[in-house]
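Only one structure is covered here, and it is reproduced in the block below.
Note that this is a predicted model, so its numbers are computed, not measured. Whatever order the structure lists ligands and atoms in, that order sets their numbers, starting from 1.
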Amino acid sequence: MQALNIPSECTPLLNLSGKPQFGDYQANGAMGAAKHLKTNPRELAQKILEQVDLTEIAEKTEIAGPGFINITLKNDYLADCLKNCLDKPSIAAKNIVIDYSGPNLAKEMHVGHLRSTIIGDALARVLEYQGQNVIRQNHMGDWGTQFGMLIAELELQLSKGDQAELALSDLEVFYQQSKKHFDADPEFADTARAYVVKLQSGDANCLKLWKQFIDVSVAHNSEIYQQLNVGLTAEHIKPESAYNQDLEWIVKDLESKKLAIESDGAKVVFLEELADKNGDPSPMIVQKSGGGFLYATTDLAALKYRAETLNVDRALYFIDARQSLHMKQVFTTSKKANYVADTVSLEHHAFGTMMGSNGKPFKTRTGGTVKLADLLLEAVERAEKLVREKNTDLSEQEIKDIAQKVGIGAVKYADLSKTRTNDYIFEWDSMLSFEGNTAPYLQYAYTRIYSIFRKAGIDLEGFSADITIVEPQEKQLALKLLQFNEVINQVAVDCYPHTLCTYLYELSSLFMSFYEHCPILKSGIAPETAQSRLQLCAYSASILQKGLDLLGIEVMEKM
Ligand code: ARG
């Protein structure tokens with residue numbers, strides 16, 4: 001580019017070409033560069049081609065239309081590249097905090113927590129695979145006024161001789177009971193309110209009850225994480241209460257920096273940079289008039305900790321789109337207060353809502369919130385029914401194991417494969433279908449490959465053979481396999497996991513058409529050809545398995 005005086009802001013715009021007749025890759029940057037240089041784009045494209053030496057890798061290059069450069073790669077070159085297709089990307093590692101799941105512990109986890117939990121987990125896996133230093137942070141809601149009511153109820157039930165585990169075996173029922181008491185019994189309500197204050201001032205009895213409650217609730221969440229194949233454990237929990245001792249300091253500091261001011265008895269940060277259309281600054285309350293601190297105060301303390309102690313380069317938040325303003329306020333304030341250096345990238349990766357088939361937020365038939373545990377149970381039950389119908393020679397244990405992977409995989413994939421920022425409709429039938437862009441389709445594609453090796457009597461693990469690319473289907477598959485790391489790097493930047501889903505779906509489709517057109521185990525196929533094709537199969541299996549694993553979805557050898 002330098003030799004031709006092309007300014008550095010012009011990029012080659014190198015992309016896969018949409019159609020085989022335009023070669024394998026297209027470089028479309030010549031037109032833009034020609035505009036800058038005020039020259040003829042086709043002539044510039046010609047000069048660019050004269051400057052770069054593609055003889056080693058390209059079989060053909062040509063200039064098309066106004067100045068597209070079409071490149072057809074050599075089959076040998078592709079086969080050679082494939083040897084490294086399973087290598088990890090090489091990057092300079094950064095410290096990346098991922099804030100995800102963060103359920104409120106007062107109640108049982110419900111479907112509203114699904115998206116943050118599985119999207120955040122997919123990103124944690126992707127970034128870890130890239131070699132980043134990933135720090136998972138589960139910002140659980142374990143503090144606030146509701147806990148006064150809940151521990152008053154727990155004390156009541158324990159005084160009747162109940163065991164804590166038993167009393168709390170259904171957190172939803174427990175919450176309803178305590179709410180009923182709170183609304184109907186003024187004495188109970190007074191105790192509850194007094195307990196909020198006592199809890200905050202560190203009263204030993206209240207803290208003990210609170211801890212009992214929290215332990216049971218956390219244990220419930222851990223079960224859900226396991227069921228979901230999500231990698232969140234106790235070490236990742238850094239709940240709201242962990243920042244309690246920092247909140248007073250935060251408010252004082254914001255006041256001393258003239259960022260927080262008193263307004264109607266409360267302490268408020270007014271943000272000009274987030275002013276509404278009338279020009280009124282956006283208010284963020286950091287302390288209520290009664291003295292209580294808020295969700296925002298805790299988030300400021302958490303971000304300060306992440307920047308100063310965890311030393312992050314990037315902080316990613318996977319939270320519902322409805323909290324967009326809250327996140328903007330927290331990010332803006334933390335930079336103004338110098339809790340976070342300007343170089344740190346603060347990113348709220350918002351997502352839409354999971355809808356029922358009626359187009360309204362997903363609810364039970366009677367309009368209640370759907371418990372996540374129930375939803376996952378139903379997924380596995382439905383999957384089990386399907387597996388029984390499809391395959392009759394599996395053992396009981398195999399059926400259970402496959403149903404678990406298919407059911408959970410289907411729920412996760414249906415979510416991850418949609419553009420994150422949109423709402424989506426939750427539909428059992430389409431997510432469990434063995435056709436189309438679904439987890440069962442991809443898992444099935446994987447088992448197909450496995451069965452080819454089984455039939456050939458060859459071990460898939462550790463298989464290695466030379467590849468010779470001849471047929472167009474082989475070439476298409478090879479090109480796709482080589483894009484895996486590109487896709488991973490893309491997802492790592494913009495945090496849209498559906499890009500990876502689309503890639504895996506296209507890979508499976510290309511594999512299926514390769515398999516149809518390029519026989520392997522048929523008689524008359526030369527042994528070298530069969531070996532080469534088996535190697536393409538093995539790479540496809542590895543990448544499918546790896547890609548699904550990065551989405552937190554498991555594969556199996558048969559189904
Ligand atoms: N507990 C919050 C909720 O359920 C989510 C926490 C998200 N993380 C954060 N740092 N605010 O809405």
What atoms of ligand 1 come closer than 4.0 angstrom to any heavy atom of I319? 7 (C), 8 (N), 9 (C), 11 (N)

Assess whether a salt bridge exists between D415 and R115, defined as any Lys/Arg side-chain N lying under 4.0 Å from an Asp/Glu carboxylate O. yes

Under 3.5 Å: N/O of G102 near N/O of ligand 1: yes

Pairs of nitrogen or oxygen atoms closer than 3.5 Å, one from Y295 and one from ligand 1: do any exist? yes

Is any N or O atom of S101, backbone or side chain, closer than 3.5 Å to an N or O atom of ligand 1? no

Going by distance only, is there an N or O of D299 that falls short of 3.5 Å from an N or O of ligand 1? yes

Could you list which atoms of ligand 1 come closer than 4.0 Å to a heavy atom of D99? 7 (C), 8 (N), 9 (C), 10 (N)

Could you tell me whether the side chains of E153 and Q157 share a donor-acceptor contact shorter than 3.5 Å? yes

So does K371 pair up with E172, basic N to acidic O under 4.0 Å? no

Return yes or no for this condition: an N or O of H326 is under 3.5 Å from an N or O of ligand 1. no

The closest protein heavy-atom partner of atom 4 (O) of ligand 1 is N104 ND2, 3.4 Å

Contact between Y413 and C501 at the side-chain level, heavy atoms closer than 4.5 Å - yes or no? yes

With a 4.0 Å cut-off on heavy atoms, does M140 reach ligand 1? no

Under 4.0 Å from a heavy atom of H139: give me the atoms of ligand 1 that qualify, with their elements. 6 (C), 8 (N), 9 (C), 10 (N), 11 (N)

State, without any angle test, whether N138 and Y225 hold a side-chain donor-acceptor pair at a distance under 3.5 Å. yes

Look at E235 together with R136 and state whether they make a salt bridge at an N to O cut-off of under 4.0 Å. no

Just by distance, no angles: are the side chains of D253 and Y339 close enough, under 3.5 Å, to form a donor-acceptor pair? yes

Keeping the roles fixed (side chain from R125, backbone from D549), state whether a donor-acceptor pair exists under 3.5 Å. yes

Please indicate whether any nitrogen or oxygen in Q323 is less than 3.5 Å from any nitrogen or oxygen in ligand 1. yes

